[in-house]
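Remember, it's 1-based here, ligands and their atoms both numbered in the order they're listed. Side chains included, hydrogens not; waters and symmetry mates left out as well; all remaining heavy atoms used.
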Amino acid sequence: MSDKERANFGSKLGIILASAGSAVGLGNIWRFPCEVGENGGAAFILVYLVCVFFLGVPVMVSEFLIGRHSHANTATAYQILAPRTPWKTVGLMGVFAGFLILSYYTVVAGWTLEYMVSATAGRLSGAKDFTRHFNEFVANPWKPVLYMTVFMLLTHAVIVRGVKDGIEKFSKVMMPMLLLIIGILVVCSFSMPGSSEGLRFLLKPDFSKITAKVVLSAMGQAFFSLSLGMGCLCTYASYFGKEANLMKTAGSVALIDTIVAVMSGFIIFPAVYSVPGLSPDAGPGLVFVTLPNVFNIAFGNIPWLGYLFSVMFYVLLVLAALTSTISLHEVATAYIHESYGISRRKGAYIVTGGCIVLGALCSLSFGVLSDFKLGGMILFDCFDFLSAKFLMPLGGMLISLFTGWYLDRRLVWEEVTNDGKLRISFFRFYIFLLRYVAPLAIGVIFVNELLRS
Ligand code: PHE
C-alpha cells in the first residue's frame with residue numbers, strides 16, 4: 001500500500017491523546033495504586049518516576065521513530081529498516097504479545113464494565129460481603145465471559161471505523177472525559193473525613209521498603225503502564241505526520257500517564273483511609289473489593305454521594321481500559337491487514353473473534369477451568385506472565401538495542417529532529433541511555449523476573 005493511501009492521525013492533539021489513551025489504562029488505576037500500597041508509598045513513586053523518564057521515554061521515542069520512519073505495522077517496520085535480518089522477529093513478537101495481552105486484559109476490562117453496570121443499577125449499595133461478591137462473579141461460568149465479549153465488541157466498533165474516524169475521534173472524546181472524572185474524584189476523595197491519613201501515607205516515603213525486587217517491580221510497572229515493548233506505540237506512530245515532534249510527544253504521553261497514575265493514588269488512598277480497618281495493601285482486590293466497601297461505609301450518611309462516586313469511578317475504569325484495548329487491537333489488525341492484504345474490516349473481525357475465544361478461556365480459568373494449569377499457573381496468569389513479564393521486557397530491551405546499536409545514527413537523528421528542523425539538546429544522552437542504560441537495566445528485570453517465577 002502506498003504512503004498516500006495509508007491513514008494518518010489528523011492533528012497533534014489527536015496524536016497525543018491517542019497515544020496517552022493507549023498508555024493510560026488499568027495499569028494506572030488498578031495496578032499502580034496496588035504497587036504503591038504494597039511497596040512503600042512515596043518511595044516507590046520516586047523510583048517509578050526515574051524508570052519512566054530515564055528508561056520509558058527513550059524506549060518510547062525509539063518505538064515512535066521506528067513506526068514513523070517505516071509507515072508500516074510493527075512487523076513490517078523492522079523488515080523495512082533491517083531487511084533480511086532476524087530483527088523482523090521483534091515486530092512479530094510484538095504482534096503476538098499484543099494479541100495475548102488483549103485476550104486477558106479484556107477479561108478485567110469486562111469486570112469493570114459489570115461493576116459500572118452494577119454501580120449504576122444501585123447493586124453495589126448497602127452492606128454486603130464484597131469479597132464473596134467478587135469471587136462469585138469472576139468464577140461464574142457465563143457472566144464475566146459475556147461482559148468480556150461486550151467489551152471486545154465495543155473495541156471492535158471503534159477499530160472498524162478506522163484510524164482517524166475511529167481511534168483518533170474516540171480518543172479525543174474519551175481522554176478529556178477521563179481526565180475530568182479524575183479531577184472530580186480527587187476533589188471528592190480529599191474532602192472525605194480522615195483522608196489526610198491516606199495522603200500522609202502516599203506522600204511519606206518509606207525507603208526501608210525499597211529493595212532490589214521493588215525497583216524491578218517499578219520498572220516492570222513503568223513498561224506496562226507506558227504500553228512499551230510490544231509495538232503498540234510503534235503502530236500508532238506509523239500514523240504520525242512528518243511534523244510531529246517525537247521527543248515532545250513521548251514526554252507529554254509519559255507525563256499524562258504518570259499524572260493519571262499518581263492521581264489514582266490520590267483518589268484511592270484518602271478514600272480507603274477514611275474507613276478505619278480497611279487496608280491499602282489489599283492487592284488486586286483493591287478496586288473490586290475494598291472500594292465498594294469504601295463507597296458504602298464512608299458515604300453511609302449521604303448515600304447519593306457514595307452512589308455518584310462509585311458510578312463515576314467505574315466509568316473511569318471502563319474509559320481507561322477501552323482506550324488501551326483499542327491500541328492493542330490495532331497492532332494485530334494493522335498487521336493482518338497490511339501483511340496479508342486482507343481488508344481492514346476482515347482483519348478486525350479475525351482479531352476480535354480470536355481474542356474472544358482466548359479471552360473466554362482466560363475468564364473461565366477463574367472458575368470451571370481453574371484446574372487446567374500451564375507451568376503451574378491458570379491460563380489468565382500464564383498469559384500475563386508470558387506477555388507482560390516475558391515478551392514486553394524482552395521487546396523493550398531489543399528495541400533499545402535496535403535503535404542504539406543497529407540503526408544508522410543519521411536516520412535516528414533525522415527522525416528525532418525532523419530532518420534537522422528541531423533543536424534537540426539531549427540527543428547524545430538519549431543514545432547513551434539506549435545503548436547502555438536501558439538494555440542493562442531491562443536485562444536485569446528480565447532475568448530477575450524469570451528467576452523469581
Ligand atoms: N498501558 C496500558 C495500561 O496501563 C496497558 C497496555 C499495555 C496497553 C501494552 C497497550 C499495550 O493499562
So that I know where these two stand, are Phe130 and Phe288 an aromatic pair - ring centroids less than 6.0 Å apart?
no
In ligand 1, which numbered atoms sit nearer than 4.0 Å to a non-hydrogen atom of Ser22?
1 (N), 2 (C), 8 (C), 10 (C)
Between Phe201 and Phe269, what is the ring plane arrangement, given parallel below 30°, perpendicular above 60°, and tilted in between?
tilted
Pairs of nitrogen or oxygen atoms closer than 3.5 Å, one from Gly27 and one from ligand 1: do any exist?
yes
More than 12 heavy atoms of other residues, nucleotides or ligands under 6.0 Å from CZ of Arg161: yes or no?
no
Between Arg31 and ligand 1, which residue portion shows a heavy-atom distance shorter than 4.0 Å: side chain, backbone, both, or neither?
neither
Counting heavy atoms under 4.0 Å, the part of Phe224 that contacts ligand 1 is both
What distance separates Met60 CE from Ser227 OG, expressed to the nearest 0.5 Å?
7.5 Å
Check this for me, if you would: do Lys12 and Glu243 make a salt bridge, where the nitrogen-to-carboxylate-oxygen distance has to be below 4.0 angstrom?
no
Could you state the interatomic distance from SG (Cys234) to CZ (Phe64), rounded to the nearest 0.5 Å?
10.0 Å
Taking non-hydrogen atoms only, is Ala23 closer than 4.0 angstrom to ligand 1 via side chain, backbone, both or neither?
backbone
Can you spot which of Leu407, Thr76, Thr403 makes a side chain to side chain contact (heavy atoms under 4.5 Å, CB included) with Leu81?
Leu407
By number and element, which atoms of ligand 1 are closer than 4.0 Å to a non-hydrogen atom of Met230?
9 (C), 11 (C)
Below 3.5 angstrom, do we get any N/O pair linking Tyr105 and ligand 1?
yes
In terms of residue, atom name and distance, what is the protein heavy atom nearest to atom 8 (C) of ligand 1?
Ser227 OG, 3.4 Å
Report, as yes or no, whether the 6.0 Å neighbourhood of atom CZ on Phe96 holds more than 12 heavy atoms from other residues, nucleotides or ligands.
no
I'd like to check whether Leu26 has a polar contact with ligand 1, where a contact means an N/O of the residue lying under 3.5 Å from an N/O of the ligand.
yes
Need the ligand 1 atom indices (1-based, order shown) with element for anything under 4.0 Å from a heavy-atom of Met392.
9 (C)
Per-atom contacts of ligand 1 with Cys232, taking only distances under 4.0 Å to non-hydrogen atoms:
10 (C), 11 (C)
